[in-house]
Each structure stands twice: as structure tokens, then as C-alpha cells.
Amino acid sequence: MRAWPNEYVERAAVSLGEFELIERCFARQGHPLGRAVALGVGDDCALLQPGPGMQLAVSSDMLVEGRHFLSTVPPEALGHKALAVNLSDLAACGAQPLAFTLALSLPAADVAWVQGLADGLFALADRSGIALVGGDTTAGPLNLCVTVMGEVPAGQALLRSGARPGDELWVSGHLGDARLALEVFRGRLSLPQADFEQARQAMERPTPRLALGLALRGLASSAIDLSDGLLGDLRHILRRSGVGARVERDTLPRSALMARQAPELQATCLLAGGDDYELLFTAPAAAHRAVLAAGRAAGVAVSPVGHITDTPGCRVVDAQGQPVRGALPRAFDHFAAP
Ligand code: ADP
Ligand code: MG
């Protein structure tokens, strides 16, 4: 898009070599685009053709420097994460990835840095069967916005609105390690180097649970991906479904690293960690074994962590079934007072 004349942008655009950068880092001549992409990067629009009887699932997530990542993050990790958080939304809908776009605002055209970003992005894209089909590149503060498109048989998308009283509540993988890394970056926690590396890996390189999302079609009654913390994201399911939930705190899946932390910190990380990108979903109790089998087929552990109730609200209970006392940690909200 042509910007208004502005000295900073004009100068930056010249040194950027906008089209050369796109050509060099993002166009990938001759790379297969997949059956659903009739036309990729290079024209005014990309052209997509979802399969017969399929609905297009579309989602965008933006990563802003200083807000979602630090300037010191390696570009490969940033490329991975920009796509991973978007793929996680497709996973939560049970959609098969098809294509994505990348809108990129960059302070400078550092080709090595942009190539690193593209490498991280394409490594995950190729593993996930999704092609880059377009985008926009402009000078400005560092900011990446990926839009993903996937397909799902009409009427079969997993939604937030289908949870019913009596359903079991499930979570994939384990929770909270990314929050441990954030606490270290904030200077509130210190960890031995190897532990910090593990936590940082969880924060910078989340795995979108695409295979699990597909395996849960027709099985889960509702689903959401965990980006802001379990309690906050669960609330979205509860509101949309008009139900309540009981969460058994001590069943929340945690790594050995998490299990070594102080109980208070564990509760914060597990219940309100943020950046987990695991799936939180509900399924009828009769589907218990089928859900375990879906997890096995998808290669990820799934853990039952509570139940859906008809009393509104969310109750967190301890191993004895007693309500957890004290204020519960709050989920992340960009516009909430700190
Ligand atoms: P327009 O001016 O029509 O918006 P652009 O000149 O911005 O087109 O982009 C030229 C082509 O390059 C388009 O096909 C666009 O989708 C693609 N493109 C631009 N930036 C990116 C990017 N960061 N990643 C992938 N494709 C891009
Ligand atoms: Mg453009």
C-alpha cells in the first residue's frame, strides 16, 4: 500500500528495497503451494480454492515489539512464534491449515535478520502444510501480523459455545513454563541456566496442536487455545456456552521444572500463565476413552482437569475438593490496569 509522503518512510523504503526484500526472503520461487492455492505471492490478491463442502477458517494475530516479544529475541524464534500462535487458532477450530499472509513493519531492511525471520516462519509452515501467499511490507516499528486460512468440513468447526453441564474439561500438554520464562525476564525469578533454557523454549517456540484439533472434530463439544491463561480463556468457553466449571487445581498438567517451583508461583503459572498455546476443550464424559485415544493419535498428552457445571462461574478446588482460598490469579488483558 502506498503511504502518504513522509520523509522517514520514503528514506526507509529506499534503503529497504521493499520488492527486493519480498522477492529474496518471502517469494520462494518454485516452492509447492498446496492444492488449495491457485495463486500465491506476486499479484494484487492470492487466489484460494477450499475443497468442496469446506468452510474457510480465518484468524489473525499480531506480535508487537515490547508488548509480545523483546528486541533481543532471535529472528528465527520470532518467525516461528508469529506463525505458531496463528496455527494454534486453527487447531482450536479443528481446521486444516492452507495458507497464510504476513504483514510486516520493520525499522530497517537488515536482510540477514529478515532471512532469519523467514527461515523460522517457513520451517514451521512446511511442517504444517501451509503456504505463504501474500502480505505487506513497510518501514515502521517492528510489528508482525500473520493471517492464517484453513478449511474445515461445513458445520464441524470446534467452537467455544458447545460446552454442556456434565462434560469433562481437558487440557493438552503441560501449562505454565512460558510464564516462568517471563518471570525471569521481568527480574522476579531466577532459574538455573538449563531450567531457564527450557522455560524460554516454551515461551519462544510453542507447538501448535494441529493434529489434536483435527482428531477432536466430532468428539470435543467446545475448544479454545490457551493464549492468555487458563482461567481467562476458560471464561470465554463458559460465557459462550452459558455454563460454569469446576477446575481441579492439582490435576493441572505440569513439567518436572514447574513441579519444583513454589506452590504460589505454580498456581499463577498454571491458572493464569499465558502463552501456553495448548488446547483447552470439553467433551461428554462418555467420550473419555476416545479423547485419550485422540491424544495418543496426535502424539500429545491430554489430561482431564475438571468438569462443566450448570452453576455459572468457575470454581477452583484442591485435591480434597475444597475451594481454593484467596484471590485467584488474573488472566492477561492488554487493556487492564497492571
Ligand atoms: P500492493 O501494493 O498491491 O498491496 P505490494 O506491492 O504491497 O502490493 O506487494 C506485492 C506482492 O508481494 C503482493 O502479492 C503481496 O501480497 C506480496 N507481499 C508483500 N509483502 C509480503 C510479505 N511480507 N510476505 C509475503 N508476501 C508479501
Ligand atoms: Mg501492499
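Please read all numbers here as calculations on a predicted model, not as lab measurements.
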Given the rule that I, L, V, M, F, W and Y join up when any side-chain heavy atoms are under 4.5 Å apart, are Leu210 and Val152 in one cluster? no
Is there side-chain contact between Pro74 and Glu204, with heavy atoms separated by less than 4.5 Å? yes
Does any donor atom in the side chain of Arg240 or Ser222 lie under 3.5 Å from an acceptor atom in the other side chain? no
State, with a plain yes or no, whether a side-chain heavy atom of Val302 is found less than 4.5 Å away from one of Pro253. no
side-chain contact (heavy atoms from CB on, under 4.5 Å) for Ser303 and Thr251? Distances and angles first, verdict last. CA-CA 8 Å; Ser303 310; Thr251 66; over 6 Å; no
Any chance you could measure Leu189, atom CG, to Leu191, atom CG, to the nearest 0.5 Å? 4.5 Å
Quick one: does any side-chain atom of His80 pair with a main-chain N or O of Glu76 as donor and acceptor, under 3.5 Å? no
Is there a donor-acceptor pair under 3.5 Å between the side chain of Asp110 and the backbone N or O of Ala112? yes
Restricting to non-hydrogen atoms, name the atom on Gly176 and the atom on Asp276 that form the minimum distance, rounded to 0.1 Å. N-OD1, 2.8 Å
A side-chain contact here means heavy atoms from C-beta on lying under 4.5 Å apart; do Leu56 and Leu98 qualify? yes
Can you tell me how far CG of Leu142 sits from CG of Leu106, rounded to the nearest 0.5 angstrom? 6.0 Å
Looking only at non-hydrogen atoms, find the nearest pair between Ala84 and Pro206 and report the distance. CB-O, 3.6 Å
Do Phe196 and Phe185 pass the ring-ring contact (aromatic ring centres under 6.0 Å, His included) test, and can you show the C-alpha distance, the side-chain angles, and the key distance before you say yes or no? CA-CA 10 Å; Phe196 173 59; Phe185 280 119; 5.5 Å; yes
Taking every heavy atom of Ser105 against every heavy atom of Pro141, the minimum-distance pair comes out as OG-O, 2.5 Å
List the steps, then state whether side-chain contact (heavy atoms from CB on, under 4.5 Å) holds for Leu158 with Leu279. CA-CA 11 Å; Leu158 305 175; Leu279 295 187; 6.0 Å; no
Establish whether Trp170 and Leu159 are linked, either directly or via other cluster members, by ILVMFWY side-chain heavy-atom contacts under 4.5 Å. no
Specify the closest pair of heavy atoms between Ala82 and Leu144, including all atoms of both residues, with the distance to one decimal. CB-CD2, 3.9 Å
Expected output: side-chain Asp250 to main-chain Ala319 donor-acceptor under 3.5 Å: yes
Member of Val243, Thr311, Thr309 meeting the side-chain contact (heavy atoms from CB on, under 4.5 Å) criterion with Pro165: Val243
Linking I/L/V/M/F/W/Y whenever any side-chain heavy atoms sit under 4.5 Å apart, do Leu252 and Phe281 land together? no
Using side-chain contact (heavy atoms from CB on, under 4.5 Å), reason through Asp275 and Lys81 one step at a time and then give a plain yes or no. CA-CA 10 Å; Asp275 261 3; Lys81 188 160 178 179; 2.7 Å; yes
Quick one: does Leu169's side chain get under 4.5 Å of Glu248's, heavy atoms only? no
Taking atom CE of Met258 and atom CG of Leu270, what is their separation to the nearest 0.5 Å? 5.0 Å
From CZ (Arg179) to CG (Asp177), nearest 0.5 Å: 12.5 Å
How close do Ala99 and Ile130 get, heavy atom to heavy atom, and via which atoms? N-CG1, 3.3 Å
Evaluate the side-chain proximity of Val41 to Phe26: yes if any heavy-atom separation is below 4.5 Å, no if none is. no
Decide side-chain contact (heavy atoms from CB on, under 4.5 Å) for Leu234 and Cys314; before the verdict, give the C-alpha distance in whole Å, the side-chain angles of both, and the deciding distance to 0.1 Å. CA-CA 8 Å; Leu234 173 57; Cys314 175; 3.7 Å; yes
Contact between Val85 and Ser227 at the side-chain level, heavy atoms closer than 4.5 Å - yes or no? no
Give the cluster check for Leu292 versus Val305: same hydrophobic cluster or not, with ILVMFWY residues linked at side-chain heavy-atom distances below 4.5 Å. no
Name the residue from Thr101, Asp61, Val58, Leu83 that meets the side-chain contact (heavy atoms from CB on, under 4.5 Å) definition with Val148. Leu83
Kindly indicate whether the side chain of Val316, heavy atoms from C-beta on, has any atom under 4.5 Å from the side chain of Leu231. yes
Quickly, which of Arg260, Arg249, Gln261 forms a side-chain contact (heavy atoms from CB on, under 4.5 Å) with Gln266? Name it, please. Gln261
When you check the side-chain N and O atoms of Gln193 and Glu197, is any donor under 3.5 Å from an acceptor? yes
Separation of Asp228 CG from Asp233 CG (nearest 0.5 Å): 5.0 Å
Measuring from atom CG of Leu124 to atom CG of Asp119, what distance do you get when rounded to the nearest 0.5 angstrom? 13.0 Å
Given the rule that I, L, V, M, F, W and Y join up when any side-chain heavy atoms are under 4.5 Å apart, are Leu48 and Leu102 in one cluster? no
How far apart are the closest heavy atoms of Pro97 and Leu90, and which atoms are they? CA-CD1, 3.7 Å
Can you check whether Pro329's main-chain N or O pairs, donor with acceptor, with Thr268's side chain at less than 3.5 Å? no
Quick check on Met62: does its CE atom have over 12 non-hydrogen neighbours (other residues, nucleotides or ligands) under 6.0 Å away? no
Determine whether the side chains of Gln156 and Gln55 contain a donor N or O and an acceptor N or O closer than 3.5 Å. no
Sidechain-backbone polar pair: Asp167 side chain, Arg164 backbone, donor-acceptor under 3.5 Å: yes
So, do Arg209 and Glu278 sit near enough that their side-chain heavy atoms are less than 4.5 Å apart? yes
Can any side-chain N or O of Gln198 pair as donor or acceptor with the backbone N or O of Leu257 at less than 3.5 Å? no
